There are 2 protein chains.
Amino acid sequence: MTTERTADLLAKTLRDAIIRFSRRVRQARPVGDLTFSQLSALTSLQLAGALTPRELADMERVQPPTMTKIVGKLEERGLVARTPHPTDGRQVILAATDEGRAVYALHERARNEWLAVELDRLTPEERETLARAAEIMQRVARG
Amino acid sequence: MTTERTADLLAKTLRDAIIRFSRRVRQARPVGDLTFSQLSALTSLQLAGALTPRELADMERVQPPTMTKIVGKLEERGLVARTPHPTDGRQVILAATDEGRAVYALHERARNEWLAVELDRLTPEERETLARAAEIMQRVARG
DNA sequence: CCATGCTCATTAGCTAGGCTAAGTATCGTG
DNA sequence: CACGATACTTAGCCTAGCTAATGAGCATGG
(Lines give C-alpha, C1' and ligand atoms only; values in the text may rest on other atoms or scores of the structure.)
Protein backbone atom coordinates (compact mmCIF):
# COMPACT_ATOMS: atom_id res chain seq x y z
CA MET A 1 0.00 0.00 0.00
CA THR A 2 2.83 2.35 0.74
CA THR A 3 4.12 1.87 -2.77
CA GLU A 4 0.72 2.61 -4.22
CA ARG A 5 0.39 5.75 -2.24
CA THR A 6 3.87 6.85 -3.27
CA ALA A 7 3.19 6.14 -6.92
CA ASP A 8 -0.01 8.13 -6.74
CA LEU A 9 1.63 11.14 -5.20
CA LEU A 10 4.54 10.88 -7.59
CA ALA A 11 2.20 10.76 -10.56
CA LYS A 12 0.72 14.08 -9.53
CA THR A 13 4.04 15.69 -8.72
CA LEU A 14 5.54 14.54 -11.96
CA ARG A 15 2.64 15.79 -14.04
CA ASP A 16 2.77 19.21 -12.45
CA ALA A 17 6.51 19.45 -12.84
CA ILE A 18 6.36 18.44 -16.48
CA ILE A 19 3.56 20.74 -17.51
CA ARG A 20 5.29 23.77 -16.02
CA PHE A 21 8.65 22.74 -17.34
CA SER A 22 7.30 22.26 -20.87
CA ARG A 23 5.60 25.60 -20.87
CA ARG A 24 8.76 27.25 -19.71
CA VAL A 25 10.79 25.64 -22.47
CA ARG A 26 8.12 26.51 -25.00
CA GLN A 27 8.36 30.15 -24.01
CA ALA A 28 12.05 30.14 -24.90
CA ARG A 29 11.21 29.44 -28.54
CA PRO A 30 12.41 32.13 -30.93
CA VAL A 31 9.80 33.53 -33.30
CA GLY A 32 9.60 31.71 -36.62
CA ASP A 33 11.49 28.78 -35.24
CA LEU A 34 10.48 25.18 -35.44
CA THR A 35 7.97 24.19 -32.81
CA PHE A 36 8.43 21.57 -30.18
CA SER A 37 6.56 18.93 -32.16
CA GLN A 38 8.17 19.76 -35.47
CA LEU A 39 11.63 19.56 -34.00
CA SER A 40 10.85 16.28 -32.30
CA ALA A 41 9.54 14.76 -35.53
CA LEU A 42 12.54 16.00 -37.48
CA THR A 43 14.84 14.50 -34.88
CA SER A 44 13.18 11.11 -35.09
CA LEU A 45 13.37 11.22 -38.85
CA GLN A 46 17.04 12.01 -38.86
CA LEU A 47 17.90 9.40 -36.32
CA ALA A 48 15.94 6.76 -38.19
CA GLY A 49 17.06 7.89 -41.64
CA ALA A 50 13.69 7.30 -43.24
CA LEU A 51 10.25 6.36 -41.99
CA THR A 52 6.68 6.04 -43.17
CA PRO A 53 4.15 8.46 -41.67
CA ARG A 54 2.67 5.65 -39.66
CA GLU A 55 6.00 4.66 -38.17
CA LEU A 56 6.80 8.25 -37.37
CA ALA A 57 3.40 8.76 -35.77
CA ASP A 58 3.88 5.69 -33.60
CA MET A 59 7.31 6.82 -32.60
CA GLU A 60 6.07 10.29 -31.72
CA ARG A 61 3.02 8.90 -29.98
CA VAL A 62 0.47 10.79 -32.02
CA GLN A 63 -2.27 9.71 -34.42
CA PRO A 64 -1.52 9.57 -38.14
CA PRO A 65 -3.57 12.66 -39.07
CA THR A 66 -1.62 14.69 -36.55
CA MET A 67 1.61 13.55 -38.09
CA THR A 68 0.33 14.42 -41.56
CA LYS A 69 -0.07 17.99 -40.35
CA ILE A 70 3.33 18.22 -38.72
CA VAL A 71 5.08 16.70 -41.70
CA GLY A 72 3.12 19.04 -43.95
CA LYS A 73 4.62 22.02 -42.17
CA LEU A 74 8.10 20.58 -42.45
CA GLU A 75 7.62 19.80 -46.12
CA GLU A 76 6.39 23.32 -46.86
CA ARG A 77 9.67 24.58 -45.55
CA GLY A 78 11.61 22.07 -47.61
CA LEU A 79 12.99 20.29 -44.58
CA VAL A 80 11.43 16.93 -45.25
CA ALA A 81 10.75 15.14 -48.53
CA ARG A 82 8.06 12.61 -49.34
CA THR A 83 9.04 9.91 -51.83
CA PRO A 84 6.85 7.03 -52.96
CA HIS A 85 7.43 3.62 -51.47
CA PRO A 86 9.25 1.36 -53.98
CA THR A 87 6.87 -1.56 -53.75
CA ASP A 88 3.79 -0.45 -51.82
CA GLY A 89 1.87 2.32 -53.54
CA ARG A 90 -0.08 3.18 -50.41
CA GLN A 91 2.94 4.04 -48.38
CA VAL A 92 5.21 7.05 -48.46
CA ILE A 93 8.81 7.41 -47.37
CA LEU A 94 9.70 10.44 -45.31
CA ALA A 95 13.25 11.68 -44.97
CA ALA A 96 14.97 14.89 -43.93
CA THR A 97 16.44 16.88 -46.80
CA ASP A 98 19.96 18.32 -46.69
CA GLU A 99 18.41 21.63 -45.79
CA GLY A 100 16.39 19.87 -43.15
CA ARG A 101 19.50 18.53 -41.56
CA ALA A 102 21.23 21.91 -41.68
CA VAL A 103 18.26 23.87 -40.36
CA TYR A 104 17.72 21.24 -37.74
CA ALA A 105 21.24 21.56 -36.39
CA LEU A 106 20.92 25.33 -36.19
CA HIS A 107 17.53 25.43 -34.59
CA GLU A 108 18.24 22.57 -32.29
CA ARG A 109 21.18 24.50 -30.98
CA ALA A 110 19.21 27.70 -30.51
CA ARG A 111 16.34 25.79 -28.96
CA ASN A 112 18.57 24.13 -26.47
CA GLU A 113 20.48 27.22 -25.59
CA TRP A 114 18.29 28.47 -22.80
CA LEU A 115 17.74 25.01 -21.40
CA ALA A 116 21.40 24.04 -21.64
CA VAL A 117 22.40 27.19 -19.79
CA GLU A 118 19.91 26.40 -17.06
CA LEU A 119 21.05 22.82 -16.84
CA ASP A 120 24.64 23.90 -16.73
CA ARG A 121 23.84 25.74 -13.51
CA LEU A 122 22.86 22.52 -11.82
CA THR A 123 25.23 20.26 -9.99
CA PRO A 124 26.59 17.21 -11.81
CA GLU A 125 24.50 15.04 -9.49
CA GLU A 126 21.35 16.88 -10.45
CA ARG A 127 22.11 16.50 -14.13
CA GLU A 128 22.71 12.83 -13.57
CA THR A 129 19.32 12.57 -11.87
CA LEU A 130 17.63 14.27 -14.82
CA ALA A 131 19.41 12.04 -17.31
CA ARG A 132 18.27 8.96 -15.46
CA ALA A 133 14.76 10.33 -15.14
CA ALA A 134 14.66 11.02 -18.89
CA GLU A 135 15.57 7.42 -19.57
CA ILE A 136 12.85 6.19 -17.23
CA MET A 137 10.23 8.48 -18.75
CA GLN A 138 11.10 7.29 -22.24
CA ARG A 139 10.68 3.74 -21.08
CA VAL A 140 7.32 4.43 -19.44
CA ALA A 141 6.13 6.37 -22.50
CA ARG A 142 7.11 3.49 -24.71
CA GLY A 143 4.67 1.42 -22.69
CA MET B 1 33.62 22.36 -21.73
CA THR B 2 32.70 18.87 -20.69
CA THR B 3 29.92 20.27 -18.55
CA GLU B 4 28.61 22.32 -21.43
CA ARG B 5 28.56 19.37 -23.73
CA THR B 6 26.79 17.28 -21.12
CA ALA B 7 24.23 19.99 -20.49
CA ASP B 8 23.60 20.31 -24.21
CA LEU B 9 23.05 16.62 -24.71
CA LEU B 10 20.93 16.43 -21.60
CA ALA B 11 18.77 19.29 -22.82
CA LYS B 12 17.95 17.36 -25.97
CA THR B 13 17.41 14.07 -24.20
CA LEU B 14 15.16 15.65 -21.63
CA ARG B 15 13.06 17.47 -24.21
CA ASP B 16 12.50 14.30 -26.19
CA ALA B 17 11.65 12.30 -23.11
CA ILE B 18 9.20 14.91 -21.89
CA ILE B 19 7.36 15.40 -25.14
CA ARG B 20 6.76 11.68 -25.58
CA PHE B 21 5.89 11.20 -21.96
CA SER B 22 3.37 14.06 -22.02
CA ARG B 23 1.69 12.76 -25.13
CA ARG B 24 1.44 9.34 -23.60
CA VAL B 25 -0.16 10.70 -20.46
CA ARG B 26 -2.48 12.89 -22.53
CA GLN B 27 -3.69 9.82 -24.40
CA ALA B 28 -4.81 8.28 -21.14
CA ARG B 29 -7.39 11.02 -20.70
CA PRO B 30 -10.99 9.82 -20.61
CA VAL B 31 -13.40 11.60 -22.94
CA GLY B 32 -15.13 14.56 -21.35
CA ASP B 33 -12.57 14.74 -18.63
CA LEU B 34 -10.67 17.79 -17.56
CA THR B 35 -7.67 18.52 -19.73
CA PHE B 36 -4.11 18.63 -18.59
CA SER B 37 -4.10 22.41 -18.30
CA GLN B 38 -7.48 22.63 -16.63
CA LEU B 39 -6.52 20.10 -14.03
CA SER B 40 -3.23 21.81 -13.36
CA ALA B 41 -4.93 25.18 -12.89
CA LEU B 42 -7.57 23.67 -10.63
CA THR B 43 -4.83 22.04 -8.57
CA SER B 44 -2.98 25.30 -8.10
CA LEU B 45 -6.19 27.03 -7.14
CA GLN B 46 -7.05 24.48 -4.53
CA LEU B 47 -3.60 24.40 -3.05
CA ALA B 48 -3.49 28.17 -2.83
CA GLY B 49 -7.11 28.54 -1.70
CA ALA B 50 -7.75 31.63 -3.78
CA LEU B 51 -5.79 33.54 -6.39
CA THR B 52 -6.19 36.34 -8.87
CA PRO B 53 -5.95 35.43 -12.55
CA ARG B 54 -2.57 37.08 -12.76
CA GLU B 55 -1.19 35.07 -9.87
CA LEU B 56 -2.59 31.88 -11.30
CA ALA B 57 -1.17 32.67 -14.73
CA ASP B 58 2.26 33.29 -13.23
CA MET B 59 2.09 30.09 -11.27
CA GLU B 60 1.04 28.10 -14.30
CA ARG B 61 3.59 29.83 -16.49
CA VAL B 62 1.15 31.08 -19.07
CA GLN B 63 0.09 34.54 -20.21
CA PRO B 64 -3.00 36.12 -18.63
CA PRO B 65 -5.24 35.73 -21.70
CA THR B 66 -4.49 32.04 -21.77
CA MET B 67 -5.52 31.75 -18.16
CA THR B 68 -8.72 33.65 -18.90
CA LYS B 69 -9.61 30.92 -21.36
CA ILE B 70 -8.76 28.04 -19.07
CA VAL B 71 -10.61 29.55 -16.14
CA GLY B 72 -13.52 30.27 -18.46
CA LYS B 73 -13.86 26.57 -19.20
CA LEU B 74 -13.69 25.70 -15.54
CA GLU B 75 -16.24 28.35 -14.68
CA GLU B 76 -18.64 27.10 -17.36
CA ARG B 77 -18.63 23.79 -15.61
CA GLY B 78 -19.17 25.39 -12.25
CA LEU B 79 -15.85 24.22 -10.88
CA VAL B 80 -14.41 27.64 -10.24
CA ALA B 81 -16.06 30.85 -9.09
CA ARG B 82 -15.06 34.43 -9.78
CA THR B 83 -15.74 36.88 -6.99
CA PRO B 84 -14.87 40.56 -6.98
CA HIS B 85 -11.84 41.69 -5.02
CA PRO B 86 -12.94 43.40 -1.78
CA THR B 87 -10.89 46.55 -2.22
CA ASP B 88 -9.52 46.58 -5.77
CA GLY B 89 -12.21 46.75 -8.43
CA ARG B 90 -9.83 45.67 -11.16
CA GLN B 91 -8.98 42.40 -9.61
CA VAL B 92 -10.93 39.19 -9.38
CA ILE B 93 -10.66 36.38 -6.89
CA LEU B 94 -10.71 32.87 -8.21
CA ALA B 95 -11.50 29.89 -6.05
CA ALA B 96 -12.60 26.31 -6.57
CA THR B 97 -16.25 25.66 -5.76
CA ASP B 98 -17.35 22.71 -3.63
CA GLU B 99 -18.23 20.94 -6.84
CA GLY B 100 -14.84 21.88 -8.20
CA ARG B 101 -13.16 20.21 -5.29
CA ALA B 102 -15.28 17.10 -5.62
CA VAL B 103 -14.90 16.77 -9.37
CA TYR B 104 -11.23 17.50 -9.04
CA ALA B 105 -10.67 14.65 -6.61
CA LEU B 106 -12.52 12.23 -8.88
CA HIS B 107 -10.85 13.23 -12.08
CA GLU B 108 -7.46 13.58 -10.53
CA ARG B 109 -7.72 10.03 -9.39
CA ALA B 110 -8.86 8.74 -12.79
CA ARG B 111 -6.23 10.81 -14.50
CA ASN B 112 -3.47 9.44 -12.37
CA GLU B 113 -4.62 5.89 -12.57
CA TRP B 114 -2.74 4.85 -15.65
CA LEU B 115 0.35 6.76 -14.65
CA ALA B 116 0.31 5.54 -11.08
CA VAL B 117 0.05 1.96 -12.26
CA GLU B 118 3.01 2.47 -14.55
CA LEU B 119 5.00 4.14 -11.83
CA ASP B 120 4.15 1.39 -9.42
CA ARG B 121 5.90 -1.02 -11.74
CA LEU B 122 9.17 0.82 -11.33
CA THR B 123 11.68 0.09 -8.64
CA PRO B 124 11.69 2.31 -5.54
CA GLU B 125 15.01 3.73 -6.71
CA GLU B 126 13.53 4.71 -10.04
CA ARG B 127 10.60 6.39 -8.36
CA GLU B 128 13.02 8.23 -6.13
CA THR B 129 14.91 9.40 -9.20
CA LEU B 130 11.71 10.68 -10.80
CA ALA B 131 10.67 12.46 -7.63
CA ARG B 132 14.02 14.19 -7.41
CA ALA B 133 13.90 15.04 -11.11
CA ALA B 134 10.42 16.53 -10.67
CA GLU B 135 11.73 18.78 -7.94
CA ILE B 136 14.62 19.91 -10.11
CA MET B 137 12.39 20.59 -13.10
CA GLN B 138 10.06 22.66 -10.97
CA ARG B 139 13.00 24.68 -9.80
CA VAL B 140 14.32 25.22 -13.32
CA ALA B 141 10.85 26.12 -14.57
CA ARG B 142 10.50 28.62 -11.79
CA GLY B 143 13.57 30.34 -13.23
C1' DC C 1 -8.93 -12.96 -62.18
C1' DC C 2 -11.53 -10.15 -59.81
C1' DA C 3 -14.53 -8.81 -55.71
C1' DT C 4 -14.12 -7.86 -51.25
C1' DG C 5 -12.02 -6.43 -47.40
C1' DC C 6 -7.93 -4.52 -45.11
C1' DT C 7 -4.25 -1.02 -44.52
C1' DC C 8 -2.05 3.55 -45.38
C1' DA C 9 -2.34 8.16 -45.89
C1' DT C 10 -4.90 12.13 -46.23
C1' DT C 11 -8.86 15.37 -45.75
C1' DA C 12 -12.47 17.51 -43.11
C1' DG C 13 -13.97 19.34 -39.10
C1' DC C 14 -13.76 19.95 -34.29
C1' DT C 15 -11.58 21.44 -29.61
C1' DA C 16 -7.99 23.09 -26.49
C1' DG C 17 -4.31 25.80 -25.57
C1' DG C 18 -0.88 28.98 -26.51
C1' DC C 19 0.49 33.75 -28.12
C1' DT C 20 0.26 39.16 -29.06
C1' DA C 21 -2.23 43.35 -29.50
C1' DA C 22 -5.86 46.09 -28.31
C1' DG C 23 -9.69 47.48 -25.37
C1' DT C 24 -11.90 48.60 -20.88
C1' DA C 25 -12.22 49.54 -16.24
C1' DT C 26 -10.10 50.84 -12.07
C1' DC C 27 -6.47 52.48 -9.15
C1' DG C 28 -3.24 55.81 -7.49
C1' DT C 29 -0.62 59.73 -7.65
C1' DG C 30 1.15 64.33 -8.87
C1' DC D 1 -8.87 65.60 -11.19
C1' DA D 2 -6.18 64.15 -15.10
C1' DC D 3 -3.13 60.93 -16.52
C1' DG D 4 -0.13 56.93 -16.35
C1' DA D 5 -0.02 52.26 -14.63
C1' DT D 6 -2.25 47.92 -13.63
C1' DA D 7 -5.73 43.96 -14.11
C1' DC D 8 -8.48 41.54 -16.75
C1' DT D 9 -10.80 40.50 -20.94
C1' DT D 10 -11.67 40.40 -25.95
C1' DA D 11 -10.27 39.60 -30.59
C1' DG D 12 -7.75 37.23 -33.71
C1' DC D 13 -4.27 34.20 -34.97
C1' DC D 14 -1.62 29.73 -34.98
C1' DT D 15 -0.21 24.91 -33.55
C1' DA D 16 -1.42 20.61 -32.01
C1' DG D 17 -4.25 17.17 -30.78
C1' DC D 18 -8.40 14.13 -31.76
C1' DT D 19 -12.19 11.25 -34.53
C1' DA D 20 -14.63 10.16 -38.64
C1' DA D 21 -14.70 9.69 -43.36
C1' DT D 22 -12.45 9.28 -47.95
C1' DG D 23 -9.57 7.47 -51.51
C1' DA D 24 -6.01 4.64 -53.16
C1' DG D 25 -3.59 0.44 -53.31
C1' DC D 26 -2.69 -4.29 -51.71
C1' DA D 27 -3.87 -9.14 -50.93
C1' DT D 28 -6.59 -12.92 -50.72
C1' DG D 29 -10.40 -16.38 -51.43
C1' DG D 30 -13.60 -18.00 -54.37
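Just the heavy atoms: all of them, side chains too, but no hydrogens, waters or symmetry mates, feed the values below. Residue numbering restarts at 1 for every chain, and letters A, B, ... go by the order of the sequence lines. These numbers come from a predicted model, not from an experiment.
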Note to self: Here's a test for you: under side-chain contact (heavy atoms from CB on, under 4.5 Å), which of A:Lys69, A:Met67, A:Lys73 qualifies with A:Val71?
What the structure shows: A:Met67
Margin query: Here's a test for you: under side-chain contact (heavy atoms from CB on, under 4.5 Å), which of A:Met137, A:Arg139, A:Arg15, A:Arg142 qualifies with B:Phe21?
Written below: A:Met137
Which nucleotide in the set [options] lies at the smallest distance from any side-chain heavy atom of [X]?
X: B:Val62; options: C:dA16, D:dG17, C:dC19; answer: C:dC19
X: B:Arg82; options: D:dG17, D:dT6, D:dT9; answer: D:dT9
X: A:Thr35; options: D:dC26, D:dA16, C:dC19; answer: D:dA16

Margin query: Is the phosphate of D:dA16 approached by A:Ser37 (side-chain N or O, under 4.0 Å from OP1 or OP2)?
Written below: yes
Margin query: It should be established whether B:Arg54 places a side-chain nitrogen or oxygen under 4.0 Å from OP1 or OP2 of nucleotide D:dT6.
Written below: no
Measure [atom1]/[X] against [atom2]/[N] and give the value in whole Å, please.
X: B:Asp58; N: D:dT6; atom1: CG; atom2: C1'; result: 13 Å
X: A:Arg77; N: D:dT15; atom1: CZ; atom2: C1'; result: 13 Å
X: B:Gln91; N: C:dT26; atom1: CD; atom2: P; result: 13 Å
X: B:Gln63; N: C:dC19; atom1: CD; atom2: C1'; result: 7 Å
X: A:Lys73; N: D:dC14; atom1: NZ; atom2: P; result: 10 Å
X: B:Glu76; N: C:dT15; atom1: CD; atom2: P; result: 11 Å
X: B:Leu51; N: D:dC8; atom1: CG; atom2: P; result: 11 Å
X: A:His85; N: D:dC26; atom1: NE2; atom2: P; result: 10 Å

Notebook entry, point to check: Atom CZ in A:Arg23, atom OG in B:Ser37: separation rounded to 0.5 Å?
Noted result: 4.5 Å
Check: With distance as the sole criterion, is a donor-acceptor pair present between the side chains of A:Arg90 and A:Thr52 under 3.5 Å?
Finding: no
Does [X] reach a base, just sugar-phosphate, or nothing at all? Heavy atoms under 4.0 Å.
X: B:Ser22; answer: nothing
X: B:Thr68; answer: base
X: A:Pro64; answer: base
X: B:Pro65; answer: base
X: A:Lys69; answer: base

Notebook entry, point to check: Just by modelled atom types, is the B:Arg61 backbone N or O under 3.5 Å from a matching donor or acceptor in the A:Arg24 side chain?
Noted result: no
Note to self: With a 3.5 Å distance limit and no angle check, can you tell me whether B:Thr97 reaches the backbone of B:Leu79 through a side-chain donor-acceptor pair?
What the structure shows: yes
Item checked: Along DNA chain D (nearest heavy atom to each residue), the more 5'-positioned of B:Pro53 and A:Asp88 -> B:Pro53
Notebook entry, point to check: Does A:Ile19 or A:Ile93 map to a spot on DNA chain C nearer the 5' end, using the closest nucleotide for each?
Noted result: A:Ile93
Notebook entry, point to check: If you find the nucleotide of DNA chain C closest to A:Val92 and the one closest to B:Gln38, which residue's nucleotide is nearer the 5' end?
Noted result: A:Val92
